[in-house]
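Notes to accompany the following structure.
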Amino acid sequence: MHSVTILGATGSIGVSTLDVISQHPEKYSIFALTGCRQLEKLAQQSVQHSAKFAVVTDELSAKKLSILIQELKGSTEVIFGKDALSEVARSNQVDIVMAAIVGAEGLLPTLSAVESGKKVLLANKESLVMAGSIFMAAVKQNGATLLPIDSEHNAIFQCLPQDYSDGDRSSIKKLILSASGGPFRTWDTAKIAMATPAQACAHPNWSMGNKISVDSASMMNKGLECIEAKWLFDTSMDRIDVLIHPQSIVHSLVQYVDGSVMAQLGNPDMRTPIAYGLAWPKRLPSGVADLNLSEIAQLSFEPPDIEKFPCLQIAYDAAKEGGDAPAILNAANEIAVEAFLDGRIGFTAIPKVVEKTLDSFDFYEPQSLAAVQDSDSRARAAARSLIKRLEF
Ligand code: NDP
Ligand code: MG
C-alpha cells in the first residue's frame, strides 16, 4: 500500500489522479489532499478518500472546510498555510506526491517533496521553468524519483533508452515534443486578436485547468514544456524540437542517431501518464479507452507557426538566455494570463506583456531559491505595471 499526497487535488490533474487511485484501492491510500478555492469539492474528496489531512491556503477557508467535512461526517483533519502544504508533501508517512498545483505556488511544496526523497509525479511544469537548476540538483542530492506527468515528457520518458539517466546521451539526436496547436491553430491573426477567454479555454482535445488552456492557445505551454524538457532530460535547447500534431495521439517522440524514431501513442487522457507515474516501473490499468487507430484513420503533422504564436519563440529565447530569464518569463506570463482571463487585456497582449517584461530585466544566475523568488516577484510587479500603464 502506497500513501499519496495530491497537491492540487481539486484541479483537473488532481481529479484524474483520484480517479486512477480509486480504481486501485488495494494499492494506494490518500494521506493528504490540497486545494484553494473549491472547498466543497475538497471536502467531498477528503471524505470519499478518507484523507488524513486536507490543506487550504488560509484560516477562513480552513474553518469553512472543517464545517463542510463535519457535515459529511468525515474525520479528515484540516490544516492551512504554505508550511502546511510543504508539511504534507514531506511527511514521512507519504510515499508518493502528485505535484499538481498550478503556477509558481507549486514550487515550494514540490521542492519539499523532492528534498525529502519522495517519488514525485511532476505535473507542475512551472517549478522546473522557474528553478530548474536548483530543482534538479535537489532531486539528485536527495535521491528523489522524479516522474514526468506532462503528457509529452511522460511520452519521452517512456521512449528513452533505459541507460539514459546513467549519462550516455550519444544515441539520441532530438527530443520532439508534439503540440496540438490549440484552439486557434487554424485562426488568422485578426481573429486571434479578438479571442475571448472562453474560446481560449476550449481546447480541442484536452480538458484542463484555465491557465494551462490559455497557455496552450498561445503556445506558451509548448515553450514552457521545451524548458521543462531541457531540465528533465538534461539536454540543450538545440536538441529539442516542436511538432504540431492536431490529433494529440502521438504524445512525443525521440529521434535516435540510427534513424529510428520512438513515439508513445494513446488517447488524449491524462490518466495514462498519471497511472504510469503511480505504478512506475510497473504498469496499471488507468480507465482510459483503448486506442483505435483505424477509427482515427489519419494522423497529421506540421511545423509550428512562430509568427502567429510568438510565445513559443519568446520562451525559447528565454531558455537560451538562461539564468533567471525563464523565471521572469513564467511570472510575466502568469500575470498576463490572469489579466486576459479577467478581461483586462486582449489575447495578443499576452506575448507583448511577457516580452516587454523580459526586456526590462538584466538577467543573472540565481544561486538560491530566495533569489529565484525575488526575480519572480520583481517580474510580477513589472508585468502588472505594464498592464496598468499600457493600453493593450
Ligand atoms: P487546475 O487549475 O485545474 O488546478 C489547479 C490546482 O491548484 C487546484 O487544485 C487549485 O485549487 C490549486 N491552486 C490554485 N491556486 C493555488 C494556490 N495559490 N495555492 C495552492 N493551491 C492552488 O490546473 P490543472 O490541473 O490543469 O494543472 C495543474 C498543473 O499541472 C499545472 O502546472 C499544469 O501546467 C500542469 N499540467 C496540467 C495538465 C492537464 O491536463 N490539466 C497537463 C500537463 C500539465 P482550487 O481549484 O481549489 O482553487
Ligand atoms: Mg503537455
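FYI, the numbering just counts along the sequence from 1. When reading the values below, keep in mind they use all heavy atoms of this one structure, side chains included, and skip hydrogens, waters and symmetry mates. For ligands, and for the atoms within them, numbers begin at 1 and follow the listed sequence.
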>> Does the Lys NZ or Arg CZ of R378 fall within the cation-pi geometry relative to F361 - under 6.0 Å from the ring centre and within 45° of the axis?
In response: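 No - R378 does not lie over the ring of F361 by the 6.0 Å and 45° rule.
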> Under 6.0 Å between ring centres, would you say that holds for H251 and W206?
Replying inline: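 H251 vs W206: aromatic centres under 6.0 Å.
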>> For F233 and F157, I'd like to know if the aromatic rings sit close, meaning centre-to-centre distance below 6.0 Å.
In response: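 Centroid distance F233-F157: not below 6.0 Å, so no.
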> Can you tell me if S12 uses its side chain to pair, donor with acceptor, with the backbone of S207 under 3.5 Å?
Replying inline: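 Yes; at least one donor-acceptor contact below 3.5 Å.
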>> I'd like the contact residues of ligand 1, where contact means a heavy atom below 4.0 Å.
In response: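 Ligand 1 pocket, heavy atoms under 4.0 Å: G8, A9, T10, G11, S12, I13, G35, C36, R37, Q38, T57, A100, I101, V102, E105, A123, N124, K125, E126, D150, M208, G209, I212, M270.
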> In Å and rounded to the nearest 0.5 Å, what is the CH2 to CG distance from W231 to L122?
Replying inline: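 Between W231 CH2 and L122 CG, I get 14.0 Å after rounding to 0.5 Å.
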Please name the atom of [X], limited to N, O or S, that comes nearest to the Mg ion (ligand 2).
X	result
E152	OE1
E225	OE2
D150	OD1

>> Strictly below 4.0 Å, N to O, side chains only: are K222 and E228 in salt-bridge contact?
In response: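 The answer is no: the pair does not qualify as a salt bridge.
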> Does the side chain of E115 come under 3.5 Å of the side chain of S112 through a donor N or O and an acceptor N or O?
Replying inline: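 No, S112 and E115 have no side-chain donor paired with an acceptor closer than 3.5 Å.
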